[in-house]
*Asks:* 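Before we start, here is the structure in question, set down as structure tokens.
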Amino acid sequence: RLWTMNNFDIGIGLGKGQFGRVYIAKEKTSGFIVALKVLKISELRKSKAEKQLVREVEIQANLRHPNILRLYGHFHDERYVFLVLEYAAKGELYRHLKRCTRFTEKRTSRYIAQMAGALAYIHGKHVIHRDIKPENLLLDMNDQLKIADFGWSVHAPSQRRKTICGTKDYLSPEMVDNQPHDEKIDLWSLGVLCFELLTGSAPFEEPVNGRDTTYKRIAKVDFTIPDHVSADAKDLIVSLLQRDPSKRLPIKEVLSHPWILKHQRKSIINV
Ligand SMILES: O=C(Cc1cc(-c2ccc3c(-c4nc5ccccc5[nH]4)n[nH]c3c2)n[nH]1)Nc1cccc(F)c1
């Protein structure tokens, strides 16, 4: 179906991405609420991001998973490209984390289980995300996590250099050493995410006004897990933050890890 701007009532701005703004919008005939991302073509052209956009549209349009933000469609006029994206009613996971400093073990375990499910799904399609971090994660009405940004996802394995725009905290040792990398970099990022949700800060982030030692600490896998973190959670983080990618816990085993199983929602039907 061919959409144009006139099919939508545009609401407030939800956020400003790298190439454009996102607005809440209502599709007029159905009343369906979406997030409409507006990308300026001149901006895309200037930063040679058209190819990345095309790849992202292709990748995201073919992904169907409860924890991956849907791309319902896209259209353009002479100046803008419009992406009709799923609306996540609770917004950025990051804001919730900042607001409560750190999440409980139960809440973190559920988010990590949802992430692991989504990663198992995209890895099954030989897609690697490469940019897992709280800023790219949204929450829907039912507190379901939604991976929002596939700006850097590529088909595995990839040599493509990921220009470091944004946080370094989630870079894996093989990315820091500019080595060839495969989907196991998402396992490393999952370990960093688990650490950050449980403690409120990333494992290798530079201390406030300290010298920027992030790269060195990543390369040396130099991190300390605070005492309040349970032994099970510690075990999962350590099994993901392994320098050697082949030693990282495979994604299927993350889903059956004791710390993940013990916090699963009790199923209603206790058969
Ligand atoms: O650009 C993005 C990712 C993306 C998604 C979003 C985004 C941002 C915010 C929201 C929200 C949202 N809900 C909120 C509620 C409260 C406060 C803020 C909120 N943001 N829902 N859905 C969104 C989607 N920004 N950027 N995907 C993309 C880009 C190019 C091609 C493609 F196929 C996908």
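Just so you know, residue 1 is the first one in the sequence shown, and it goes up from there. The model shown is predicted, which means the values in this text are computed figures rather than measured ones. Counting convention: from 1, in listed order, for ligands and their atoms alike.
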*Asks:* Atoms of ligand 1 less than 4.0 Å from Leu138 heavy atoms?
*Replies:* 10 (C), 22 (N), 23 (C), 24 (C)

*Asks:* Evaluating non-hydrogen atoms only, which member of Glu56, Arg70, Arg55 is closest to atom 32 (C) of ligand 1?
*Replies:*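 Closest candidate by heavy-atom distance is Glu56.
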
*Asks:* Out of all atoms in ligand 1, which are within 4.0 Å of some heavy atom of Leu71? Include the element for each.
*Replies:* 33 (F)

*Asks:* Is there a donor-acceptor contact under 3.5 Å linking the side chains of Glu105 and Trp259?
*Replies:*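 On atom types as modelled, these side chains qualify, holding a pair under 3.5 Å.
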
*Asks:* Before signing off on this row, confirm whether Lys37 and ligand 1 have an N or O atom pair separated by under 3.5 Å.
*Replies:*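 Between Lys37 and ligand 1 (N or O atoms, distance only) the closest approach is under 3.5 Å.
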
*Asks:* Atoms of ligand 1 less than 4.0 Å from Leu85 heavy atoms?
*Replies:* 5 (C)

*Asks:* Anything under 30° is parallel, anything over 60° is perpendicular, the rest tilted; go ahead and classify Tyr72 against Phe32.
*Replies:*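 Ring orientation of Tyr72 relative to Phe32: perpendicular.
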
*Asks:* Do we see a donor-acceptor contact under 3.5 Å between the side chains of Asn67 and Tyr121?
*Replies:* no

*Asks:* For residues Asp235 and His257, is any side-chain donor paired with an opposing acceptor at under 3.5 Å?
*Replies:* yes

*Asks:* Does only the side chain of Ala89 get under 4.0 Å from ligand 1, or the backbone, or both, or neither? Count heavy atoms.
*Replies:* backbone

*Asks:* Going by the order shown, which atoms of ligand 1 are within less than 4.0 Å of some heavy atom of Leu53?
*Replies:* 30 (C), 31 (C)

*Asks:* Within the structure, is a non-hydrogen atom of Gly15 found at a distance of less than 4.0 Å from ligand 1?
*Replies:*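 Under 4.0 Å: no for Gly15.
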
*Asks:* Do the side chain of Asn136 and the main chain of Asp131 share a donor and acceptor less than 3.5 angstrom apart?
*Replies:* yes

*Asks:* Are any side-chain N or O atoms of Ser189 and backbone N or O atoms of Ile185, one a donor and one an acceptor, separated by less than 3.5 Å?
*Replies:* yes

*Asks:* What part of Val57 sits under 4.0 Å from ligand 1 if we count only heavy atoms: the side chain, the backbone, both or neither?
*Replies:* both

